[in-house]
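One structure is given below, encoded as structure tokens.
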Amino acid sequence: MKSAFDNGSPPITRRRFGQWGLVAAASGVGGCGGGGDEPLVQPPAKAGALELVAGALGGGGFALQQGAMARLPGDLSGPAFNSQGDFQFVSGSYDCRVGRRSRQGVSSFSPAPWDFHGLLFDALDRYLVTGGGGTIEYLQGETPVRLAGGASGTGLIDGVGTGARLFSPQSLLLAKNGLVYFIDEVSQQGFQPVLRTLAADGTVKTLLPMPDGSQLLESPSGGVRRYTHSPDASVPKEWAELVLEGNAYQWRVLPSQWAFDQWTPLQKVQGAVDVYWAVSAAQGGPEFSIAQIDLSGRSVAAGWKVRGRAVAVVSQGPWQLGAASLFVACSGSYEDGSEVVECRLEPTGAVVQRWLGMLANSGREDGQGQQARFDFVWGVEALPDGAGGLVLLEYRRGGSSAATPVPALRSVSAPGQVSTWAVEPRGFQVAIAYGYLVGHEGGTKNTLVRTPVDGKSAWQTWTSSSHVACNRGEDVFLRTDTTGRLWFAKRYSPQPGAGDAYFGRAKGNALVGTIDANGQVQVVAGDPQALYTPQTYPSLAQRPWYMDIADMAFEGGSAQVSWVLCNRVELDGATSFVRFHPELVRIDAQGSQRFALSLAIDPRLPEFYQEPFKQICVLPGRPGEVFLSSACGVHRWTQAKGLELLAGQNEPTPGGVFSGPLPGGLNLVKFLASGPDRNSLYVGSENSVLRLVLPE
């Protein structure tokens, strides 16, 4: 008899795969759905509840909560107040929107073209945006109206409305005379910066050249100054004021002793002569400093700390009382989110409070419960530790480049105590098997290493096999079944990924196999010699389903039931991605059954987020139930009821999958793992570890 996995090479019996055979030195600790004694932990009472085990909630997205903007995406542009105190901005990359908050606190998000970027309010209280193609428009309600730009030809062209030609408007400033001053670039002259003006009727004029590395700021009289701090050492660091002498504009350099290497000005302090709100030049960490600095470099008001990184500053308007208040838009990246904070000086000192949105509360601090901090942006692997807690392999930003994750191994106990292991991780895939933590070195390496599960012992080389090496386009993951045997699955993804436009998609294959306690590797399904390319990848109708395995879980029991999640890839012709066809496969000694899954996917999302399901999990004592994670939800599947949503939501959330409060409180699910008892699951969401209480 042939296995449900078998494609003709090599032959294997159903019993071998369905019942797994005998295994020596079983640890009793499984992967997601592994066995072992159930710890005596009293489950929470209310089914469907989410309890925060460790970490802190926070993140980005387009979320309104009781009419207020509870969450903002991590890429605000043009945050500004009009003369009435209404706040407006543009945000979002894949799902661009205009955000509005009235002075009375009424908030809304409305769709906008993807290439919109917010600018500022002009003298007529019109909100200006760039619409791509070198244009400036203003919003009339939700409709953009062309104000200037769009003329054909080369170079910069002065003129009125569509008779003008712009290239890259930046550093806009509304002056007292009603003109909007901005910096543009002459692309034909090595992107030479120039100063231009925009009048309320759409008239654009070019005034004079600008030094590279400049930004515009208001002068004490309501005119224009520039602050120049160029990376080019030949460009002087200086403050200068725009003056009109005769019929010619020119820059008059100011005798400034400003600390150029310490502070970057944000905007003028209202009511002061030569004092500017400033931000500390070094913003690479989780905090930056805000202060009031005069042109002599003296600190007028003591600095204070603000979280995140400053991306924009919005001034107080005439509708506010007092001049010592500033609103700063702070941002992170990806699901970090943004927040707008109010910085206010009072007789007792500086007061900083969140006004809109929230940041992601990321970090890597150990501690109990909400004192702990995680950084799950680059992903995390979670393993049940056999004692009701978790072992986490966490990838944190902060390597040699912004895109380099720095991994760490951490433990989370059932009561929420978080500790970081002394031993550093090896590789990007882990499993607990045969009493050890096993690591896969990743990439083209074909080595598996292991260390005792004590958090401090050194890694040892365990076994090597070309079957576990993965090249570009291949993914390998490890899972442990209920008998303690270690399994691996290797998937080849033909659809393009990051960098493939330059390097192409390498050859690869799809394998399923086991690794015994002695490190012997056995291929269970697939042909190690069958290498595929995007051009030779089998069509969906001809492709064995196990080539699309995304995750495995093991129910065990007398029938030794296993479950497989397949995110099956459909291609258009040979190489173009069309969609995923998710399937759940049940395997036992009698063979396999396949069940199609359906989940709505927003086609505007990047392909990474279109993969409908990420992980599956089964729990001891709950046969026939399979729990699945999607981008923003946790689901349960049974043959009787099909797919049920337990927490979060079915569809990806507005603004990509970086959303605000969802039904059940989930946002961007990072992992799914068995909980401390048969009635709960651990869920990684944002930068938090949550416990989801399951219905009986």
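Side chains included, hydrogens not; waters and symmetry mates left out as well; all remaining heavy atoms used.
Not counting sequence neighbours, Arg373 has no partner by the salt bridge (Lys or Arg N to Asp or Glu O under 4.0 Å) test. Residues that satisfy the side-chain hydrogen bond (donor to acceptor under 3.5 Å, both in side chains) test with Glu339, not counting sequence neighbours, are Arg307. With sequence neighbours excluded, no residue forms a salt bridge (Lys or Arg N to Asp or Glu O under 4.0 Å) with Arg450.
The structure places CZ of Phe671 at 8.5 Å from CD of Gln615, a figure rounded to the nearest 0.5 Å. Atom CZ in Arg579 sits 14.5 Å away from atom CG in Asn567 (nearest 0.5 Å). Distance check, rounded to the nearest 0.5 Å: CG of Leu393 to CG of Leu437 gives 8.5 Å. For the atom pair SG of Cys617 and CE of Met552, the computed distance is 13.5 Å after rounding to the nearest 0.5 Å. Taken to the nearest 0.5 Å, the CG atom of Leu511 stands 11.5 Å off from the SG atom of Cys470. Here CD of Glu696 is found 6.5 Å from CZ of Arg622. Values are rounded to the nearest 0.5 Å.
Side-chain contact annotation: Glu555 with Trp563, donor-acceptor N/O pair under 3.5 Å present. If you check the side chains of Thr420 and Asp366, you find a donor sitting under 3.5 Å from an acceptor. A donor-acceptor contact closer than 3.5 angstrom links the side chains of Asp75 and Ser91. Between the side chains of Thr480 and Trp487, no donor N or O sits under 3.5 Å from an acceptor N or O. Side chains of Asp588 and Gln560: a donor-acceptor N/O pair is absent below 3.5 angstrom, by distance only.
Here Asp548 pairs with Arg543 in a salt bridge; the nearest charged N to carboxylate O distance falls below 4.0 Å. A salt bridge between Glu381 and Lys670 is absent, with no side-chain N of the basic residue lying under 4.0 Å from a carboxylate O of the acidic one.
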Might you work through the side-chain contact (heavy atoms from CB on, under 4.5 Å) test for Phe627 and Leu692, ending with a clear yes or no?
-> CA-CA 11 Å; Phe627 301 96; Leu692 172 62; over 6 Å; no

Trace of the side-chain contact (heavy atoms from CB on, under 4.5 Å) decision for Leu448 with Ile515 | CA-CA 10 Å; Leu448 294 175; Ile515 308 169; 3.2 Å; yes

Checking side-chain contact (heavy atoms from CB on, under 4.5 Å) for the pair Glu51/Leu690: CA distance, chi angles, key distance, verdict?
-> CA-CA 5 Å; Glu51 299 181 346; Leu690 305 167; over 6 Å; no

Residue pair Ser411, Leu392: steps toward the side-chain contact (heavy atoms from CB on, under 4.5 Å) verdict = CA-CA 6 Å; Ser411 296; Leu392 301 181; over 6 Å; no

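At least one side-chain heavy atom of Tyr532 sits less than 4.5 Å from a side-chain heavy atom of Met547. Residues Arg691 and Pro676 have side chains in contact (heavy-atom distance under 4.5 Å, counting atoms from C-beta outward). Under the 4.5 Å side-chain criterion, counting only non-hydrogen atoms from C-beta, Tyr434 is in contact with Arg485. Residues Leu597 and Phe613 meet the side-chain proximity criterion, which asks for heavy atoms closer than 4.5 Å. No side-chain heavy atom of Asp385 sits under 4.5 Å from any side-chain heavy atom of Val453. Contact check for Trp637 versus Ile616: no side-chain heavy atoms found under the 4.5 Å cut-off. Contact of the Gln639 side chain with the Phe595 side chain is registered, since non-hydrogen atoms from C-beta on lie closer than 4.5 Å. In this structure, Leu52 and Gln370 have side chains that are in contact, with non-hydrogen atoms separated by less than 4.5 Å.
When atom types are taken as modelled, the side chain of Thr638 and the backbone of Glu625 share no donor-acceptor pair closer than 3.5 angstrom. In this structure, the side chain of Asn509 engages the main chain of Pro528 through a donor-acceptor pair within 3.5 Å. In this structure, the side chain of Arg586 does not engage the main chain of Gln593 through any donor-acceptor pair within 3.5 Å. Looking at His440, its side chain does come within 3.5 Å of a backbone N or O of Val468 through a donor-acceptor pair. Counting only distance, with no hydrogens or angles, the side chain of Lys490 and the backbone of Ala469 share a donor-acceptor pair below 3.5 Å. A donor-acceptor contact shorter than 3.5 Å links the side chain of Gln368 to the backbone of Pro415.
Scanning both residues, Pro494 and Leu571, for their nearest heavy atoms gives CG-CD1, 3.9 Å. The two residues Ser362 and Asp375 make their nearest non-hydrogen contact at CB-CG, 4.1 Å. When all heavy atoms of Leu72 and Gly357 are compared, the closest pair comes out as CG-CA, 4.0 Å. Here the closest heavy-atom approach between residue Gly633 and residue Val669 is recorded as N-CG2, 3.7 Å. For Tyr682 against Gly388, the heavy-atom pair with the smallest separation is OH-O, 2.6 Å. Closest heavy-atom contact between Ser592 and Val585: CB-CG1, 4.1 Å.
Only one option out of Arg479, Arg491, Lys614 pairs with Asp551 in a salt bridge (charged side-chain N to carboxylate O under 4.0 Å, His left out); it is Arg479. Checking each of Leu643, Val564, Val626 against Leu584 for a side chain to side chain contact (heavy atoms under 4.5 Å, CB included) leaves exactly one that passes, namely Val626.
For His467 and Phe488, the ring centers sit 6.0 Å or farther from each other.
Enclosure of atom CD in Glu570 by more than 12 non-hydrogen atoms of other residues, nucleotides or ligands within 6.0 angstrom is indicated.
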